[in-house]
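Take a look at the structure below.
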Amino acid sequence: MNKYRTHTCGELTIKDKSKDIFLSGWINKKRDHGNLLFLDLRDNYGITQCLIENSHPKFKEFEKLPLETVIKLNGKVLERSKDTINKELKTGEIEIAIVSYEVLGNTKELPLPIFSDQDYSEEIRLKYRFLDLRRKKIHQNIILRSKVISFIRSEMQKLGFLEFQTPILTSSSPEGARDFLVPSRLNPGKFYALPQAPQQFKQLIMVSGFDKYFQIAPCFRDEDARADRSPGEFYQLDLEMSFVEQKDVFEVVEKLMINVFNKFSNKKLLYKNFPQIPYSESMLKYGTDKPDLRNPLVINDFTEIFKRDDVSFDIFKKLVKKGSIVRGIVTKNTKDHPRSFFDGIDKWAKEQGASGLAYFTIEDNSGIKGKGPVGKFFSENSIKETMKISKAEVGDSIFLACGTIKDVEKILSEARDKIGRDLKVINYDSFAFCWIIDYPMFEEDEKSKKIVFSHNPFSMPQGNIKDINFSEPLKIKAYQYDIVCNGIELSSGAIRNHVPELMYKLFLVAGYDKKTVDKNFSGMINALSYGAPPHGGIAPGIDRIIMLLAEEKNIREVTMFPMNQNAQDLMMNAPSEINEEQLKELNLSIKKNK
RNA sequence: GGGGGUGUAGCUCAGUUGGUUAGAGCACGUGCCUGUCACGCACGGGGCCGAGGGUUCGAGUCCCUUCACUCCCGCCA
């Protein structure tokens, strides 16, 4: 028999009636009636109500135990009378009559309440994370995380993937995010870098012939935090496959996501086959490459309308003449919405730093007309053309934005969310996955006007290798894709370029000569030169998947021991100073700031 | 690096136009209470109002500086 317990706090039921049992756990709550005291004893598995009466010789002593004291108790399982059953608890039909008890762990006064739904400050939560983690919501989130990861692991194994570890101490790479660096004692003046992702290793695993690899991989990037982005480290389901095309990767990931989300959430999956949206189409229809497809609103381009002579909306017309574009969002059957709805959105747009949104409603009043502040500037024919472009109907309204492509995309993307929320057309009880495909291989850097890789330099360009026109690099598309769910980017992936000659050509376009490529990516290029299989993969973010499943907006709610926004661990006091000896051994000295 | 929000009891928060001794709930302590499950009732302890400077007869409140936490922009192949 276990020394501390015969049962957990979540398992006793009416079937155990009259049993002599031992429980161990934390005092979650006391309800002291003076001559009768109820105690909720809590462990990982649940809560069991125990009681002690003043006839017990240790009653007075027991009364004084503070909340969160860890105790072991011996008692008898009693059936509760019908009117005292607690339906909220699994163990609510029974209670324990305490016979004897023993304190296993005393507690000081608590810096934060455990039994409470109150929110409290992040600083206290992180400093006393071990107490915070006792609280129900986050405790359940962390258990969910564990279960999801175990499930993913077993699903991947079923799909024929092999799990491998890759090095944590590796080399710094010139591309990408800022690296975390680790000084090398044996190699003075040299540094390891923590991997931003096992990108090169997973490709090397393919070159090594292992065919299908996965790993729940820690990734380290020294970038500033966001609500959905931990500073320092996060986890990816890293996977890579040999002898595959894009569609083969999609098939695996769709299967996995559907199984995971169906198993761990009751929300509906809007698509069993995830829509594949070309990048350019996504930017046009949604203004972003991470569209929330729960929102049915779409953006249309109306620039041509403003080149017509029968449209007299001069502010937009002048801008269009100078190269601006006009795009807009159609809202269905909003003719009876109050003026405040329309003005509210216009006002909101101005608050976002845009010049506002022009709008009119289409009505049929002995002829198609535009109603609203700018409606009068449009002829019947021009409105009919507008309706043709956007499939708008009488009774619908159109919100219009004018400006540079970037500005219009940005404001309309946000307006799509805002209007969708206001009109309550977003189905929050669902998951809408999609693929964004056909990313451009290169883009023009805004400042320097130089050609740069738009995503991953190791991605395979589309089309027949011999026919690729390197003189028009901005037209080259890549087998590069993102998976998006509910407007959240879960991951990027790609079919990789496994042909060294092609890689040199692409790098040349971005301004790297052969020598530089050889120097910076020697391991990769070298490996690809000895018979590399075509391969590709992806790496969905584990933390964000858990956030979606747990319906949490902040990544700290699904991370056991997160750091704060300044990348400090308040509980462990990391980072910390190190002593002279350590510095000396590493051949380092600290520059003192005044 | 930049912008916004917050900072008052152990915790969560009120605190008016600048005006006497800074309040509430929970927690903690003492006492009462035998069916609660957010138990109830009474009493009590507990405050450098984030820190520093200024304006004022007088500052939790106004001004300046600074620190901490947080959200966002930049950044995140």
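Convention: sequence-line order gives letters A, B, ...; per-chain numbering from 1.
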Under 4.0 Å between any heavy atoms, over every strand shown, what does [X] touch: base, sugar-phosphate, or nothing? Just pick one.
X: A:Leu89; answer: nothing
X: A:Pro111; answer: sugar-phosphate
X: A:Phe458; answer: nothing
X: A:Leu37; answer: nothing
X: A:Thr84; answer: base
X: A:Gln568; answer: sugar-phosphate
X: A:Lys87; answer: nothing
X: A:Gln199; answer: base

Salt bridge check, [Y] against [X]: does any charged N sit closer than 4.0 Å to a carboxylate O?
X: A:Glu414; Y: A:Lys410; value: yes
X: A:Lys60; Y: A:Glu63; value: yes
X: A:Glu223; Y: A:Arg178; value: yes
X: A:Glu552; Y: A:Lys137; value: yes

Discussion item. Measure CG/A:Leu67 against C1'/B:A38 and give the value in whole Å, please.
Written reply: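 Rounding to the nearest Å, CG of A:Leu67 and C1' of B:A38 are 12 Å apart.
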
Worksheet entry | Rounded distance in Å - CG (A:Leu78) to P (B:U36) |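 Rounded to whole Å, this separation is 16 Å.
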
Worksheet item: For A:Tyr479 and A:Asn497, does a side-chain donor sit closer than 3.5 Å to a side-chain acceptor?
Response: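 Looking only at side-chain atoms, A:Asn497 and A:Tyr479 do not form any donor-acceptor pair under 3.5 Å.
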
Worksheet item: Are A:Phe250 and A:Tyr481 near enough that their ring centres are under 6.0 Å apart?
Response: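 Yes, ring centres under 6.0 Å apart.
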
Discussion item. Does A:Glu109 contact B:G29 through a side-chain donor or acceptor facing the base, at a distance under 3.5 Å?
Written reply: no

Discussion item. Any N or O donor-acceptor pair under 3.5 Å from the base of B:C33 to the side chain of A:Arg31?
Written reply: no

Worksheet entry | Proximity to the side chain of A:Phe38 - top-ranked nucleotide from B:C76, B:U36, B:U12 |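 Of B:C76, B:U36, B:U12, B:U36 is nearest to the side chain of A:Phe38.
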
Worksheet item: Under a 3.5 Å cut-off for both distances, is B:U12 Watson-Crick or wobble paired, and to whom?
Response: B:A24

Fill in: Watson-Crick or G-U wobble partner of B:G29, both distances under 3.5 Å
B:C43

Worksheet item: For the residue pair A:Glu557 and A:Ile138, what are the closest heavy atoms and their distance?
Response: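 Closest approach of A:Glu557 to A:Ile138, heavy atoms only: O-CG1, 3.8 Å.
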
Fill in: A:Lys514 to A:Tyr504 six-membered ring, cation-pi geometry met (6.0 Å, 45°)
yes

Item to complete: Give a yes/no answer on whether the side chain of A:Lys29 brings an N or O atom under 4.0 Å of OP1 or OP2 in B:A27.
Response: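 So the side chain of A:Lys29 is within the cut-off, an N or O lying under 4.0 Å from OP1 or OP2 of B:A27.
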
Worksheet item: Is the distance from OP1 or OP2 of B:U36 to the nearest side-chain N or O of A:Lys30 less than 4.0 Å?
Response: no

Pairwise N/O distances under 3.5 Å, protein to nucleotides 70-74 of chain B:
from: B:U70; atom 1: OP1; to: A:Gln565; atom 2: N; distance (Å): 3.4
from: B:U70; atom 1: OP2; to: A:Gln565; atom 2: N; distance (Å): 3.1
from: B:U70; atom 1: O3'; to: A:Arg556; atom 2: NH2; distance (Å): 3.3
from: B:C71; atom 1: OP1; to: A:Asn554; atom 2: ND2; distance (Å): 2.5
from: B:C71; atom 1: OP1; to: A:Arg556; atom 2: NH2; distance (Å): 3.0
from: B:C72; atom 1: OP2; to: A:Ala227; atom 2: N; distance (Å): 2.9
from: B:C73; atom 1: OP2; to: A:Arg226; atom 2: NE; distance (Å): 2.8
from: B:G74; atom 1: N7; to: A:Arg226; atom 2: NH2; distance (Å): 2.6
from: B:G74; atom 1: O6; to: A:Arg226; atom 2: NH1; distance (Å): 3.0
from: B:G74; atom 1: O6; to: A:Arg226; atom 2: NH2; distance (Å): 3.2
from: B:G74; atom 1: N1; to: A:Asp224; atom 2: OD2; distance (Å): 2.6
from: B:G74; atom 1: N2; to: A:Asp224; atom 2: OD2; distance (Å): 3.3

Worksheet entry | Spacing of CD1 belonging to A:Ile277 relative to CG belonging to A:Asp289, to within rounding of 0.5 Å | 10.5 Å

Pick out the pairs of N or O atoms, protein on one side and nucleotides 41-44 of chain B on the other, that lie under 3.5 Å.
none

Fill in: Given RNA chain B, 5'-ward residue of the pair A:Leu51 and A:Leu570, judged by closest heavy atom
A:Leu51

Worksheet entry | Side-chain donor/acceptor of A:Asn564 to backbone N/O of A:Ala567, under 3.5 Å | yes

